[in-house]
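All remarks here apply to the structure that follows.
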Amino acid sequence: MNSLGFDKPPAATRVVVAMSGGVDSSVVAAQLAEQGYDVVGITLQLYDHGIAIQRKGACCAGADIYDARTVAERIGFPHYVLDYESRFGQAVMDDFADSYLRGETPIPCIRCNQRVKFRDLMDTARDLGADCLATGHYVRRVEGPAGPELHRAVDAAKDQSYFLFATTAEQLGFLRFPLGGNPKAATRAEAARLGLVVADKPDSQDICFVPEGRYGEVVARLRPGAVGPGEIVHLDGTVLGRHPGIVHYTIGQRKGLGIGGRRSDDEPLYVVRLDPEAKQVIVGPRSALARHSVALQELNWLDVPPGPEGRLVEAKLRSAQAAVPATVMLTGPDTAVLELHAPQHGVAPGQAAVLYDGDRMLGGGFIARAERAAA
C-alpha cells in the first residue's frame, strides 16, 4: 500500500494535483513527485487576469499561474493551465452576486470547491487517467469502517473542513489531502528544503475575485443597476439614516453602519435583518440577534442519516466561530433544522452550518433562515 492508499507502486499511480500557485499545493505536488508518483499539475484560470494580476493575496491570478509553472519546471513534472473562466463565472461569481442581492452573505470558496474544483476538475483528472486528485487543503481523509471520512486538520488554526462540507462521499473516494496531518510551519519548511520559489509566499487572504474586500463593487459590476440605496431602520420603525445598498451589510454587523454611532437604550446597534424588497437595513440591539433554530438547505451528509429523534452534533455557523452544541433533524431529502442548545447571535442566511462529531466532519448545509424560540 503506497502513501496515498493504493495497492501499487507510486510510479504506477497517477496523481493530478490542483495547483493554485501557493505554498501548500506546491509542496503537495513536489513531495508526491519526489516520492515517485506520476504527478500532473493543473492550475485553473478562473477569472480575468487583467484585474487579478494587479492584486496580491489572491489565488489563481496571473502571478500564481507563473509560480505554479515554475514549481513544476523545477521539480520536473508536467503542468497545464485550464481556462475555467466561463464555468467559474456562472457557477461561482453569478451565484455570489445574486446571493448578496437576496440579502444573504455568500461563501464563494465553498461554491468553488463544490462546483468547479471537486466537480469539473475531478472530471478532467479522470479523463487524464488519474487515480486521484490531490489538493493542498488542510483537512484529513481518514479510512473509516464504512469508507473514507473527513476529519479536521491537525493544525486547528489552518483547518479548512468548514469550506469542504459539500464534498460528497463519491468525491471523497477520489480525493487526497496530504497536508492534513501537518502544521503549517512544517509545510513552509518543506518548501524551503525543496527550493520552491513560493516558500515565503504569503497565504491568500481575500476572495480571489473581490479586490481588497470590496464586495459591493463586484456585485455592482456583475449586476449593473441592481445595487440601490435605501433606508436604515430601527426595529421600532424609526428611520435612522440611508445606506448605499444592502450588499454592503451582513447580519450581525456593528461597525460601519453609517448612522453616526447611534445606540439603542445605551446599547450598540447591530444589523438584525436585511429586506431586499424594501431595500432596508434593519438594526437593533444585540439581544435581537439571538436565534435558537436554523433551517438548512442543500444538505450534504457523510454519515448514517439521523433518526427521527435527531442527532447531537457540534455546529459551526461561521468559519471563524467555534462550534456550538446542537441537535440536527432531517426535514427532507436535502433539508434539515438545527435546534441550538444555546441561542447564537449573528446567524446569517447564505453562510454554512457545518456539523461535527468530535474531529469528524459529518456534513452541513447552507443557512436558509434562522428563528427565535417561540415566546
Side-chain angles (χ1 to χ4, degrees), residues 91-92 95-96 98-115 118-119 139 149-152 159-172 250-253 271-276 288-374:
V92 180
D95 177 85
F96 172 86
D98 293 339
S99 182
Y100 260 116
L101 293 175
R102 291 193 298 267
E104 300 172 350
T105 305
I107 315 176
C109 296
I110 292 178
R111 289 298 191 196
C112 184
N113 290 327
Q114 177 189 35
R115 297 177 173 177
F118 291 173
R119 185 181 67 186
V139 66
E149 302 171 352
L150 266 181
H151 289 240
R152 300 180 201 254
D159 175 57
Q160 293 173 296
S161 58
Y162 180 89
F163 298 98
L164 300 178
F165 87 82
T167 305
T168 66
E170 190 222 351
Q171 291 170 341
L172 190 53
T250 185
I251 304 299
Q253 180 178 337
V271 176
V272 175
R273 185 164 54 87
L274 299 172
D275 187 337
L289 285 168
R291 295 294 182 268
H292 303 77
S293 179
V294 181
L296 306 183
Q297 59 190 2
E298 297 185 54
L299 183 74
N300 181 56
W301 192 256
L302 293 173
D303 195 22
V304 178
E309 71 285 357
R311 177 170 175 175
L312 296 178
V313 296
E314 291 181 299
K316 276 178 72 79
L317 301 173
R318 285 199 187 235
S319 63
Q321 291 179 352
V324 297
T327 298
V328 61
M329 290 172 286
L330 302 187
T331 55
D334 63 350
T335 59
V337 64
L338 272 180
E339 297 296 341
L340 303 172
H341 294 187
Q344 298 300 310
H345 299 75
V347 182
Q351 291 284 294
V354 181
L355 312 179
Y356 297 85
D357 181 355
D359 279 340
R360 183 182 178 188
M361 196 271 281
L362 300 171
F366 289 100
I367 297 172
R369 62 187 181 280
E371 300 172 353
R372 306 186 74 162

Do any N or O atoms from the side chain of [X] and from the backbone of [Y] form a donor-acceptor pair under 3.5 angstrom?
X: N300; Y: F165; value: yes
X: T168; Y: Q171; value: yes
X: D95; Y: P108; value: no
X: Q351; Y: T105; value: yes
X: Q344; Y: A342; value: yes

Please examine the side chains of [Y] and [X], heavy atoms only from C-beta on, and report whether any two atoms are closer than 4.5 Å.
X: Y356; Y: Y162; value: yes
X: D303; Y: R360; value: yes
X: V337; Y: S293; value: yes
X: L274; Y: I251; value: yes

Distance from [X] atom [atom1] to [Y] atom [atom2], nearest 0.5 Å?
X: E339; Y: L312; atom1: CD; atom2: CG; value: 12.5 Å
X: S319; Y: Q321; atom1: OG; atom2: CD; value: 8.5 Å
X: L150; Y: M361; atom1: CG; atom2: CE; value: 4.5 Å
X: R369; Y: E104; atom1: CZ; atom2: CD; value: 12.5 Å
X: Q114; Y: C109; atom1: CD; atom2: SG; value: 12.5 Å
X: L317; Y: I367; atom1: CG; atom2: CD1; value: 5.0 Å

Taking all non-hydrogen atoms of both residues, which atom of [X] and which atom of [Y] are closest, and how far apart?
X: Q297; Y: T335; answer: CA-CG2, 4.4 Å
X: R291; Y: L340; answer: O-CD1, 3.4 Å
X: F366; Y: G350; answer: CD2-O, 3.7 Å
X: F163; Y: I107; answer: CE2-CG2, 4.0 Å
X: A315; Y: L338; answer: CB-CD1, 3.9 Å
X: V139; Y: H151; answer: CG2-O, 3.1 Å

### Any pair counted as salt bridge (Lys or Arg N to Asp or Glu O under 4.0 Å), so long as it reaches residues 315-334, sequence neighbours left out
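Of all non-adjacent pairs touching residues 315-334, none passes salt bridge (Lys or Arg N to Asp or Glu O under 4.0 Å).
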### Query
Can you name the side-chain contact (heavy atoms from CB on, under 4.5 Å) partners of P306, sequence neighbours left out?
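Testing P306 for side-chain contact (heavy atoms from CB on, under 4.5 Å), a comparison that skips the adjacent residues, returns W301, R311, V328, L330.
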### Query
Do other residues, nucleotides or ligands put more than 12 heavy atoms under 6.0 Å from the CD atom of E309?
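Counting other residues, nucleotides and ligands, CD of E309 exceeds 12 neighbours.
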### Task
Evaluate the criterion side chain to side chain donor-acceptor pair (under 3.5 Å) for residue pair T327 and H341; output intermediate values, then yes/no.
CA-CA 8 Å; T327 298; H341 294 187; 3.0 Å; yes
